[in-house]
Amino acid sequence: MKKNVKTWIAAALATVTALSLTACGDTQNAAEDGADSGVEQRVVKVGVVGEYNNQWDTINELLAPENIKIELVKFTDYAAPNRALNDGEIDLNAFQHKAYLANEVAQKGYEVESIGDTIIAPLAIYNNKDKIATMEDIKDGDVIAIPSDLTNGGRALKLLEEAGLIVCDPAKGVVPTKADITQYNKKIEIMEAESATLANILPDCAAAIINGGNAFTAGLNPMTDAIYLEDVNPETNEAVPDLVNIIAARSADVNNEVYQKIVAAYHTSEVQKTIEESYQGAFVCAWEGAAE
């Protein structure tokens with residue numbers, strides 16, 4: 001018989017009686033929030049991008065008995081959260097997939113690692129409804145906007161290839177660049193822009209490829225508003241394992257007990273229910289053991 005998840009979390013977390021914490025988060029007495037245990041509250045700063053954070057409210061509820069509180073630090077673009085984490089300004093971040101982090105580490109030398117899987121945020125092609133209604137309406141000369149960063153830009157080009165608009169050099173794998181396009185089946189113009197701006201520039205394009213997080217923030221849902229959706233089935237898309245979003249920590253803190261508690265709280269049925277009910281298919285829970 002399965003134990004109640006909240007009971008299990010509380011019992012598992014209570015086994016840790018002393019914590020040696022090295023990260024930058026603030027501490028404050030739990031009595032300030034009305035608790036009378038006398039145990040200091042641990043505040044963990046988590047960097048996020050976008051307005052899709054209901055799951056963190058649920059995690060705070062699960063961790064409240066342990067006097068652990070998540071404080072979200074919101075960033076407006078993808079460039080900042082890894083730098084802030086690496087520099088000790090925040091404790092964790094949760095905004096990126098594995099491929100994006102790998103590229104950041106390779107390019108910038110960050111000492112940052114994944115400590116737990118979260119969701120997959122599918123890319124989707126959203127149409128300017130004043131210009132096109134379906135993929136078949138895309139014609140020569142139409143402008144399609146894609147993310148400007150290497151990993152999501154390459155991912156977007158593979159989506160355009162999957163949709164039959166272009167052909168990319170297969171030797172470039174899952175992250176081609178515009179220079180790797182070997183054939184245009186439609187003579188489209190591909191415009192690169194920072195991910196967070198893509199929804200705003202959609203009126204200037206025929207279509208834009210936007211990831212789940214930025215789409216949700218803009219009020220778009222891939223299940224109802226998109227004209228083409230990325231395949232996130234690992235059996236048919238070899239890139240999927242690298243597209244799983246993660247919670248990241250500094251390399252020195254990957255075994256931090258408080259951070260591991262946060263991952264354990266994320267990986268619960270309560271959090272999965274929150275994600276499914278809040279985002280209506282915009283995100284897919286991707287951690288091991290998540291119910292399909």
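Bear in mind the structure is a predicted one, so any value in this text is a computation, not a measurement.
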Quiz item: Taking all non-hydrogen atoms of both residues, which atom of Ala249 and which atom of Ile115 are closest, and how far apart?
Solution: CB-CG2, 3.9 Å
Quiz item: So do Arg250 and Glu111 actually touch side chain to side chain, heavy atoms under 4.5 Å?
Solution: no
Quiz item: Taking only residues at least two apart or on different chains, which pairs with a member in residues 155-164 satisfy salt bridge (Lys or Arg N to Asp or Glu O under 4.0 Å)?
Solution: Arg155-Glu230, Lys158-Glu161
Quiz item: Taking atom CD of Gln183 as the centre, does the number of heavy atoms from other residues, nucleotides or ligands within less than 6.0 Å exceed 12?
Solution: yes
Exercise. Mind jotting down which residue pairs meet the salt bridge (Lys or Arg N to Asp or Glu O under 4.0 Å) criterion with at least one end in residues 119-146? Sequence neighbours excluded, please.
Key: Lys139-Asp142
Self-check item: For Ile166, the rest of its hydrophobic cluster, which grows through side-chain links under 4.5 angstrom
Solution: Leu123, Ile125, Ile132, Met135, Ile138, Ile144, Ile146, Leu157, Leu159, Leu160, Leu165, Ile181, Tyr184, Ile188, Ile190, Ile209, Ile227, Tyr228
Quiz item: What pairs with Trp56 under ring-ring contact (aromatic ring centres under 6.0 Å, His included), at least two apart in sequence or on another chain?
Solution: Tyr266
Quiz prompt | Those residues that, when tested against Lys74, pass salt bridge (charged side-chain N to carboxylate O under 4.0 Å, His left out) (two or more places apart) | solution = Glu51
Quiz item: Are the side chain of Gln260 and the backbone N or O of Val254 linked by a donor-acceptor pair below 3.5 Å?
Solution: yes
Self-check item: Residues forming a salt bridge (charged side-chain N to carboxylate O under 4.0 Å, His left out) with Asp87, sequence neighbours excluded
Solution: Arg83
Quiz item: salt bridge (Lys or Arg N to Asp or Glu O under 4.0 Å): which pairs involve residues 174-201, sequence neighbours left out?
Solution: none
Exercise. Could you tell me whether a side-chain N or O of Asp225 sits under 3.5 Å from a main-chain N or O of Asn221, the two making a donor and an acceptor?
Key: yes
Exercise. Can you see which heavy atom on Gly47 is nearest to which on Phe75, and at what distance?
Key: CA-CE1, 3.7 Å
Residues 96-104 side chain polar contacts: donor-acceptor under 3.5 Å, at least two apart:
| from | atom 1 | to | atom 2 | distance (Å) |
| --- | --- | --- | --- | --- |
| Gln96 | OE1 | Asn82 | ND2 | 2.7 |
| Gln96 | NE2 | Asn82 | OD1 | 2.9 |
| Gln96 | NE2 | Asn93 | OD1 | 3.1 |
| His97 | ND1 | Ala99 | N | 3.4 |
| His97 | ND1 | Tyr100 | N | 3.0 |
| His97 | NE2 | Asn152 | OD1 | 2.8 |
| Lys98 | NZ | Asp117 | OD1 | 3.2 |
| Tyr100 | OH | Tyr78 | O | 3.2 |
| Glu104 | OE1 | Asn82 | ND2 | 3.3 |
| Glu104 | OE2 | Lys108 | NZ | 3.1 |

Quiz item: Any sub-3.5 Å donor-acceptor pair from Thr268's side-chain atoms to Ala264's backbone N or O?
Solution: no
Quiz prompt | Cluster link Val263 to Val284, ILVMFWY, side chain under 4.5 Å | solution = no
Practice problem: Starting at CD1 of Ile262, measure out to CD1 of Ile70 and round the result to the nearest 0.5 Å. | Solution: 3.5 Å
Quiz item: If you look only at pairs with a residue in residues 232-244, which of them pass as a salt bridge (Lys or Arg N to Asp or Glu O under 4.0 Å), with sequence neighbours excluded?
Solution: none
Quiz item: Cluster question for you: counting only ILVMFWY and a side-chain heavy-atom cut-off of under 4.5 Å, with indirect links fine, are Ile275 and Val244 together?
Solution: no
Quiz item: Between the side chain of Asn256 and the main-chain N/O of Tyr259, is any donor-acceptor distance below 3.5 Å?
Solution: yes
Quiz prompt | Non-hydrogen atoms of Thr58 and Thr274 that approach each other most closely | solution = OG1-OG1, 2.7 Å
Quiz item: What heavy-atom pair brings Ala193 and Leu198 nearest, and what distance separates the two atoms?
Solution: CB-CD2, 4.0 Å
Quiz item: Can you find a heavy atom in the side chain of Val271 that is under 4.5 Å from one in the side chain of Leu62?
Solution: yes
Exercise. Please check if Val232 and Tyr126 belong to a single hydrophobic cluster, counting links between Ile, Leu, Val, Met, Phe, Trp and Tyr side chain heavy atoms closer than 4.5 Å.
Key: no
Practice problem: Spell out, as yes or no, whether a donor-acceptor pair under 3.5 Å connects the side chain of Asp91 to the backbone of Lys45. | Solution: yes
Quiz item: Does Tyr110 belong to the same Ile/Leu/Val/Met/Phe/Trp/Tyr cluster as Ile246, with side-chain heavy atoms less than 4.5 Å apart forming each link?
Solution: yes
Quiz item: In the hydrophobic clustering (ILVMFWY, side-chain contacts below 4.5 Å, transitive), which residues join Val174, or is it alone?
Solution: Val175
Quiz item: Hey, does Val73 have a side-chain heavy atom less than 4.5 Å from the side chain of Glu89?
Solution: no
Quiz item: In chain order, what residues pass the side chain to side chain donor-acceptor pair (under 3.5 Å) check against Glu276, with sequence neighbours excluded?
Solution: Gln272
Self-check item: Sidechain-backbone polar pair: Asn185 side chain, Gly164 backbone, donor-acceptor under 3.5 Å
Solution: yes
Quiz item: Hey, do the aromatic rings of Tyr52 and Phe283 have their centres closer than 6.0 Å?
Solution: yes
Self-check item: Student check: side-chain heavy atoms of Asn67 and Arg42 closer than 4.5 Å
Solution: no
Quiz item: Ignoring hydrogens and geometry, is there a side-chain-to-backbone donor-acceptor pair from Ser195 to Pro147 under 3.5 Å?
Solution: no
Exercise. Decide whether Ile210 and Phe95 are clustered together by the hydrophobic rule: side chain heavy atoms of Ile, Leu, Val, Met, Phe, Trp, Tyr closer than 4.5 Å, transitively.
Key: no
Quiz prompt | Minimum heavy-atom distance Asp77-Ala79, with the two atoms named | solution = OD1-N, 2.8 Å
Quiz item: Does any N or O in the side chain of Thr118 come within less than 3.5 Å of the main-chain N or O of Asn245, such that one atom is a donor and the other an acceptor?
Solution: yes
Quiz item: For residues 200-219, which residue pairs qualify under ring-ring contact (aromatic ring centres under 6.0 Å, His included), counting only residues two or more places apart or in two chains?
Solution: Phe216-Tyr279
Quiz item: With no hydrogens and no angle check, do the side chains of Thr236 and Asp231 hold a donor and an acceptor under 3.5 Å apart?
Solution: yes
Exercise. Please name the pair of heavy atoms, one in Ala124 and one in Leu229, separated by the smallest distance, quoted to 0.1 Å.
Key: CB-CD1, 3.8 Å
Quiz item: Asp204 versus Val143: any side-chain heavy-atom pair under 4.5 Å?
Solution: no
